[in-house]
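Please read the structure below before turning to the comments.
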Amino acid sequence: MTIERPKADVVIVGLGWAGSVMAEELTRAGLNVVAIERGAWRDTSTDFPPAVDADELKWHTRRTMLQPMSVETTTFRNRMDQTAAPVRNWSAFQYGWNVGGAGTHWAGMSWRFTPWDLQVASQTRERYGDAFTDSLNLQLQDWGMSYDELEPYYDRFERIAGTSGIAGNIKGEIQAGGNPFEGPRSRDYPTPPLKDSHWMSKFRETTQNMGYHPFTIPAGNLSQAYVNPLGVNMGPCTYCGFCDFHGCGNFSKSSPQACILPVLMRRPNFTVLTETEVLHAVKHEDGKTAKGVRFVTKEGEEGFQPADVVVITAFQMDNVRLMLLSGVGEAYDPVSHTGTVGRNYNYQTCSSVTGFFDGEHMNPFIGGGALAVQIDDFNGDNFDHTGLGFIGGAGIMGYSTDGRPIQRMDNLRPGTKRWGSEWKSGYARDYGSNGTIFCQGTSMPVRDAYLDLDPTYKDRHGQPLMRMTFDWNKNDRDMCSYVTDRAVEIMREVGGSDIIVDNQADKSWNPYMQTSSHTQGGAVIGADPTTSALNTYCQSWDVHNVFVVGASAFPANAGYNPTVTVGALAVRAAQAIHQTYVNNPGPLVDA
């Protein structure tokens with residue numbers, strides 16, 4: 001039996017951050033919106049009450065909030081001449097499995113990208129010349145819009161999410177204490193920065209004495225009580241440290257549950273279907289527009305949701321997969337170098353440096369998901385790359401994001417046994433006396449890193465899984481090695497001993513050894529339809545009533561977390577739909 005639902009103005013596929021922002025903007029404009037989410041409903045008060053929320057075994061170790069592997073996975077290979085195999089355990093990819101999506105279990109680091117990040121191709125050629133740029137063998141391309149064009153939407157999302165921080169650049173004026181390398185902001189953050197931990201204070205003082213520019217990072221962990229523009233009340237962070245992989249029962253972490261859903265669920269023109277999975281979009285016979293989406297309920301009943309506009313806001317991998325399964329756009333072929341869907345897959349190049357401090361008490365049980373001090377002196381294009389042989393860089397942070405006792409059981413000095421009485425003694429010694437510097441770096445695209453449909457493996461509905469072909473390229477490896485050396489210098493200067501270095505780019509990429517979940521690209525935006533699947537409003541070049549919003553839109557990754565940029569793109573796309581598209585359906589940008 002096929003369920004035929006009443007037609008909606010807009011159907012949204014996936015109700016995480018991007019879907020929630022889209023739904024709020026569109027329903028406020030009066031459109032009738034149906035959101036379809038394959039995970040279950042989750043509520044702050046009932047699913048994450050503070051008294052039981054800090055359950056590390058349930059949420060972090062067993063990853064209870066992530067999508068079960070039995071539902072869907074990806075396949076992976078490093079090179080095109082290899083056969084991809086299914087990923088059997090989440091590490092690099094953290095699919096949300098609930099209303100709120102990954103926005104429910106994220107840490108809260110709330111970065112904007114820099115002007116250079118959005119124009120990496122043109123600005124690299126302008127600063128270093130064509131010969132150097134060509135020698136990198138990267139597939140660089142601009143986003144098709146400037147930072148200034150995106151700034152108002154960054155501001156809107158930060159107000160909704162309630163971001164804490166200290167501005168470094170307001171309308172071109174550098175601000176004391178903030179990040180002097182950030183793009184100009186129209187105004188300061190809605191709430192002040194979080195407080196320093198002891199380790200953060202040591203990192204801040206040391207890097208400042210070394211001539212760098214430390215600042216408190218922007219956080220989706222609120223520093224004080226706040227009422228966002230939608231009228232939703234949020235509470236101050238208690239520094240419990242159980243943020244990423246956990247929900248926040250204190251209404252302190254920016255999430256769709258805390259910031260948007262309380263308003264959205266009261267609107268009569270909004271409907272959400274939970275535990276219902278969209279299989280693909282369905283196009284009209286002429287192939288020029290979509291007429292809705294085909295879905296299946298948890299009981300196995302198939303259905304069809306007709307709509308004038310289809311908005312895909314699922315996880316990054318699922319966005320690309322749904323485009324391919326729906327025949328929206330042409331699949332990318334790295335051999336013929338044609339097609340755009342799957343092109344410019346990129347990741348996040350990370351390393352860490354841990355040191356130990358005898359007699360110090362870092363109090364790691366006091367933390368927040370985005371509690372850190374960072375320097376951006378070696379991020380993006382903030383330093384001269386002449387003679388280095390690479391572009392990009394990383395933010396280098398001293399962080400106090402969590403003190404989870406299970407996760408830290410192996411965070412011991414080199415040579416310490418991992419069992420028995422020596423392990424217990426070592427754990428008691430080292431738990432509170434170490435500090436870690438984390439480097440979160442850029443990831444640049446290359447021609448043979450891409451996404452496509454796997455020719456062998458299928459999901460429970462018989463549809464092909466997503467196949468990922470990716471390894472660190474030379475630019476990523478050289479960049480990561482350079483910034484990791486800077487982090488080691490800082491750790492030595494601050495007095496850490498028994499230093500442990502983990503450079504994730506010094507060996508081939510695999511999904512089980514990553515500390516970042518920031519998977520990007522595959523359905524990228526741009527000004528050129530031969531190199532991008534979407535225009536800058538996240539609208540398909542080929543099927544104009546399909547919009548695709550998420551980190552899948554990033555042509556390259558910056559040295560930052562992606563969430564705030566996803567939110568800004570969602571606000572921009574939603575406003576373009578209700579202000580322009582619904583009155584005159586068609587391409588918002590000429591090809």
Side-chain angles (χ1 to χ4, degrees), residues 106-114 116-117 154 158 163-169 174-183 185 188-189 192-221 223 237 239 243-244 348-355 362 367-383 392-402 435-442 479-480 482-491 493-494 496 515-516 518 557-565:
W106 74 311
M109 294 189 182
S110 299
W111 296 98
R112 296 182 178 192
F113 285 12
T114 68
W116 179 82
D117 293 318
Y154 270 134
E158 288 172 349
T163 314
S164 299
I166 178 170
N169 183 339
I174 302 302
Q175 308 294 308
N179 178 9
F181 301 104
E182 70 179 4
R185 306 169 52 84
D188 207 341
Y189 290 94
L194 296 167
K195 306 295 185 183
D196 277 11
S197 67
H198 178 53
W199 166 234
M200 289 162 61
S201 295
K202 289 175 70 68
F203 181 88
R204 184 190 298 274
E205 181 180 359
T206 299
T207 52
Q208 193 150 19
N209 290 339
M210 294 174 76
Y212 301 138
H213 302 82
F215 60 94
T216 305
I217 75 167
N221 319 131
S223 61
C237 177
Y239 297 79
C243 298
D244 57 329
Q348 187 103 64
T349 317
C350 299
S351 63
S352 63
V353 178
T354 298
M362 302 299 182
L371 186 61
V373 170
Q374 177 158 310
I375 61 168
D376 263 357
D377 299 73
F378 300 101
N379 206 350
D381 199 34
N382 300 336
F383 59 107
I396 300 175
M397 70 168 66
Y399 67 83
S400 298
T401 57
D402 70 87
T436 297
I437 298 172
F438 185 62
C439 305
Q440 180 172 223
T442 52
M479 180 281 298
C480 199
Y482 180 82
V483 298
T484 303
D485 287 347
R486 305 290 80 75
V488 171
E489 290 171 359
I490 294 169
M491 183 57 77
E493 185 70 20
V494 76
T515 55
S516 174
H518 302 155
N557 198 10
Y560 301 113
N561 304 61
T563 299
V564 173
T565 299

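Small disclaimer: the values here were computed from a predicted structure and weren't measured.
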Margin query: Between Asn179 (side chain only) and Ile217 (backbone N and O only), is there a donor and an acceptor less than 3.5 Å apart?
Written below: no
- Message: Any side-chain to backbone donor/acceptor pair from Gln440 onto Gly395? Under 3.5 Å, distance only.
- Response: no
CG (Asp402) and OH (Tyr239) are apart, to the nearest 0.5 Å, by 15.5 Å
Worksheet item: Is Asn221 close to Leu371 at the side-chain level, that is, under 4.5 Å between some pair of heavy atoms?
Response: no
Side chain of Asp188, backbone of Ala167: donor and acceptor closer than 3.5 Å? yes
* To do: Check the pair Gln175 / Ile166 against side-chain contact (heavy atoms from CB on, under 4.5 Å), numbers first and verdict last.
  => CA-CA 9 Å; Gln175 308 294 308; Ile166 178 170; 5.9 Å; no
Next on the checklist: Go through it in stages, so that I can follow the logic: the residues are Val494 and Phe203, the test is side-chain contact (heavy atoms from CB on, under 4.5 Å), and I'd like the CA-CA distance, side-chain angles, deciding distance and then a yes or no.
Outcome noted: CA-CA 7 Å; Val494 76; Phe203 181 88; 5.8 Å; no
Interatomic distance, OG1@Thr207 vs CD1@Ile375, rounded to 0.5 Å, equals 6.0 Å
Any side-chain to backbone donor/acceptor pair from Gln348 onto Gly441? Under 3.5 Å, distance only.
yes
One should read off an interatomic distance between Cys439 SG and Tyr482 OH, to the nearest 0.5 angstrom, of 12.0 Å
For Phe215 and Asp376: C-alpha separation, side-chain torsions, deciding distance, then whether side-chain contact (heavy atoms from CB on, under 4.5 Å) applies. CA-CA 9 Å; Phe215 60 94; Asp376 263 357; 3.9 Å; yes
For this session: Carefully, step by step, assess Asp377 and His213 under the rule side-chain hydrogen bond (donor to acceptor under 3.5 Å, both in side chains).
Result: CA-CA 7 Å; Asp377 299 73; His213 302 82; 2.7 Å; yes
Do side-chain atoms of Ser110 reach the backbone of Gly220 as a donor and acceptor pair under 3.5 angstrom?
yes
Can you tell if the side chain of Trp106 reaches within under 4.5 Å of the side chain of Thr563, non-hydrogen atoms only? yes
When rounded to the nearest 0.5 Å, the distance separating CE of Met397 from CE of Met109 is 4.0 Å
Paired with Thr216, the side chain to side chain donor-acceptor pair (under 3.5 Å) test is passed by just one of Arg204, Gln374, Lys195, namely Arg204
In this structure, CE of Met491 is separated from OG of Ser352 (nearest 0.5 Å) by 9.0 Å
With no hydrogens and no angle check, just 3.5 Å: does a side-chain donor-acceptor pair link Thr565 and Tyr154? yes
Has Ser164 got a side-chain atom pairing as donor or acceptor with Ser223's backbone, closer than 3.5 angstrom? yes
*asked:* Any non-hydrogen side-chain atom of Arg185 less than 4.5 Å from a side-chain atom of Glu158?
replied: yes
Kindly assign one of parallel, tilted or perpendicular to the pair Phe378 and Tyr212, based on the angle between their ring planes and the thresholds 30° and 60°.
-> perpendicular
Do Ile396 and Ile490 have side chains that approach each other closer than 4.5 Å (heavy atoms only, starting at C-beta)?
yes
side-chain hydrogen bond (donor to acceptor under 3.5 Å, both in side chains) evaluation trace for Asp117 with Thr114
CA-CA 5 Å; Asp117 293 318; Thr114 68; 2.9 Å; yes
